[in-house]
There are 2 protein chains.
Amino acid sequence: MPHPLPSGPEQRPIATVDIVIVTLSEGALRLGLQRRDREPHKGELALIGGYVRPEEDGDIEASARRILADKGRLTGLYLEQLRSFGGPSRDPRGWSISIAYLALVPEATLRAAETRGAPPFELIDPDRCPRLPFDHGRIIAAALQRLRSKASYSTLPAFLLGSQFTLPELKSVYETVMGTPLNDSAFRRKLMEMHILEEVEAKAAATAERKRPAQLYRLAKETLTEFDRTV
Amino acid sequence: MPHPLPSGPEQRPIATVDIVIVTLSEGALRLGLQRRDREPHKGELALIGGYVRPEEDGDIEASARRILADKGRLTGLYLEQLRSFGGPSRDPRGWSISIAYLALVPEATLRAAETRGAPPFELIDPDRCPRLPFDHGRIIAAALQRLRSKASYSTLPAFLLGSQFTLPELKSVYETVMGTPLNDSAFRRKLMEMHILEEVEAKAAATAERKRPAQLYRLAKETLTEFDRTV
DNA sequence: ATAATAGTGTCTATCAGACAATATAGT
DNA sequence: ACTATATTGTCTGATAGACACTATTAT
């Protein structure tokens, strides 16, 4: 059943990108949300997002990175596409598609962005997240599901830490993201066997309460590594 | 740096859906491709795809199912979203977004669709696939990667079989998709322990060359099940 | 009976978790 | 020396793979 060609621009859906920024604050996962600076839903807490701009973006990831830079003063983050959401009622402006991204950022990077003039990020506990505009609740659910399911067989959680970290810190992030305690010696054994870490020629500072300083490591590869087993 | 609002329809990217149809023919994975019935690339072999139609589709999956039904006479398939691809040059008509889907279909269903009037599907060996128009090669690569990586911990390969199948058949599909031989007794043990199969009160037919008939099973759940371990 | 595939039982190697033992540095 | 955390070593239980053995049905 042939239809009139719906190729004309007037019949195209709106195309946007929404980015779920996840960070780690005081050992717990937090969503980095901002208050919207324009209608619709001006002033409400929401994911950062924006239009795909054909005239300037080379691809969709470029749209996402432009939006992160413009609205969050954030560059160089770990970023991965989640999936796309579409429908007539998810945005009051009309039938829209949102390509959702997950971004992981160390808290210090987020704070530094605010210092450089980014509108403030509110760090929201995903378990206590208020109802959000559009379908941002659904998008966040997809992001957390991806983060949790991919954590155990990849270096994903490491992108919530800075470039150097100790093994106990790394283990703690895995535990936080996965929501389950891990065995100490098994964790070390596996990470060492997989050769995904490199020693840094320095140790973390000891303090009054953190007696023995731990060895610092960095990721051997700057990009995500997937394992053939779980941590 | 505020821009003129790119919200007007005239600045929206083209929004399309492309579907990677995968089937199993003579024990091997095959792509179900059709020759394009219109420009651009009319007459060339390609994925089936089409526009997202805001005026009639309830969401993006509805677009995909409409396209499967219209161009392939296919309904009720296993369908999952892969990811979206976008850019200025992937489609000669302009800056476009394609939301890619993976569809799994038993070969008999594909043949039945042709009998009902669908344009013929050519079953292409993914390892011998000619260069395809648009960025369909990339989309197919993403589909195969998803299929292969998800196979070992889910019921995904079962959707390449009909509604009833024997354990040796199921094991063979897993082996084909994963590209590696599996241990017979371990395969049975695990599938039985996970309770994802139900016995059907019938056995497969024996033949001259297939002596002992095997027990038939069906999936206990019609939808995809993910395991907490591998097969 | 024989052939061929379906299905079961058992042994073993591997790997993850438990946990004890040791190491290091601040106080 | 004492404390707290980091790191290593060893034991044990669970599980996957190898493979031999039994079962079933057509010829």
Side-chain angles (χ1 to χ4, degrees), chain A residues 26-27 151-154 157-158 161-162 164-176 178-218 226-231, chain B residues 26-27 151-154 157-158 161-162 164-176 178-218 226-231:
Chain A
E26 295 170 8
S152 65
Y153 62 90
S154 75
L161 295 173
Q164 300 187 359
F165 44 79
T166 69
L167 268 182
E169 283 167 354
L170 186 61
K171 172 171 172 270
S172 169
V173 184
Y174 272 92
E175 289 175 330
T176 298
M178 295 168 63
T180 172
L182 294 174
N183 183 279
D184 199 357
S185 59
F187 183 79
R188 280 171 187 280
R189 202 164 46 208
K190 293 186 215 177
L191 288 189
M192 290 309 164
E193 283 173 8
M194 293 192 289
H195 301 296
I196 57 167
L197 299 181
E198 291 180 344
E199 273 194 20
V200 174
E201 66 316 324
K203 299 202 170 194
T207 69
E209 287 308 292
R210 300 187 66 78
K211 305 287 189 169
R212 175 177 171 180
Q215 180 62 49
L216 283 171
Y217 294 89
R218 73 165 77 89
E226 296 193 17
F227 317 144
D228 52 2
R229 55 172 172 174
T230 68
V231 294
Chain B
E26 294 170 10
S152 64
Y153 62 91
S154 74
L161 295 174
Q164 300 187 0
F165 44 80
T166 69
L167 268 182
E169 282 167 355
L170 187 61
K171 171 168 172 274
S172 169
V173 184
Y174 272 92
E175 289 174 331
T176 299
M178 295 167 62
T180 172
L182 294 174
N183 183 280
D184 198 355
S185 60
F187 183 80
R188 282 171 185 280
R189 203 165 44 207
K190 293 185 215 180
L191 288 188
M192 290 309 163
E193 283 173 8
M194 294 192 291
H195 301 294
I196 57 167
L197 299 181
E198 292 181 344
E199 272 194 20
V200 174
E201 65 315 326
K203 300 201 172 197
T207 70
E209 288 309 292
R210 302 184 66 76
K211 304 289 186 168
R212 176 175 168 180
Q215 179 63 49
L216 283 171
Y217 294 89
R218 72 165 80 88
E226 296 192 18
F227 317 145
D228 53 2
R229 55 173 172 174
T230 68
V231 294

ask   = How long is the line joining NZ of A/K190 and P of C/dT14, in whole Å?
value = 17 Å

message = Rounded to whole Å, how long is the line connecting atom CE of A/M194 with atom C1' of C/dA16?
response = 13 Å

inquiry  = Quick check for you: among D/dT8, D/dA16, C/dT8, whose closest atom lies nearest to any side-chain atom of B/R188?
reply    = C/dT8

ask   = Short question: side chain of A/T166, backbone of A/Q215 - any donor-acceptor pair under 3.5 Å?
value = no

request  = Ignoring hydrogens and angles, answer whether the base of D/dA16 and the side-chain atoms of B/S185 contain a donor-acceptor pair closer than 3.5 Å.
outcome  = no

ask   = Which part of the nucleic acid, if any, lies within reach of B/R210 when heavy atoms closer than 4.0 Å are counted: base, sugar-phosphate only, or nothing?
value = sugar-phosphate

request  = Calculate the interatomic distance between B/L216 atom CG and D/dT24 atom C1'; express it in whole Å.
outcome  = 15 Å

task = Taking the six-membered ring for Trp and the full ring for Phe, Tyr or His, determine whether the centres of B/F187 and B/Y174 are under 6.0 Å apart.
result = yes

remark   = note: A/K171, atom NZ; D/dT5, atom P; distance rounded to Å ~ 13 Å

query = Taking only N and O in the side chain of B/K211, is any of them less than 4.0 Å away from OP1 or OP2 of D/dA23?
reply = no

ask   = Can you tell which of D/dA16, C/dA16, C/dA18 lies closest to the side chain of A/N183?
value = C/dA18

Pair of N/O donor and acceptor under 3.5 Å linking D/dA6 base with A/R212 side chain = yes

query = Is a side-chain N or O of A/E175 found less than 3.5 angstrom from the main chain of A/L182, in a donor-acceptor match?
reply = yes

request  = Using heavy atoms to find the nearest nucleotide of DNA chain D for B/D184 and B/P213 separately, return the residue whose nucleotide is more 5′.
outcome  = B/D184

query = How about A/E26: does its CD atom have over 12 heavy atoms from other parts shown lying under 6.0 Å from it?
reply = no

task = To the nearest Å, give me how far apart CD (B/Q215) and C1' (C/dT8) are.
result = 15 Å

key: Euclidean distance, atom CE of residue B/M192 to atom C1' of C/dG7 [Å, nearest integer]   = 10 Å

task = Assess whether one donor atom and one acceptor atom, taken from the side chain of B/R189 and the base of D/dG17, lie less than 3.5 Å apart.
result = yes

message = Could you check whether B/R229 pairs with B/E193 (Lys NZ or Arg NE/NH1/NH2 to Asp/Glu carboxylate O, under 4.0 Å)?
response = yes

task = Nearest whole angstrom, please: distance from the P of C/dG17 to the CZ of A/F187.
result = 12 Å

Spacing of A/E169 atom CD relative to D/dA6 atom P, expressed in whole Å = 9 Å

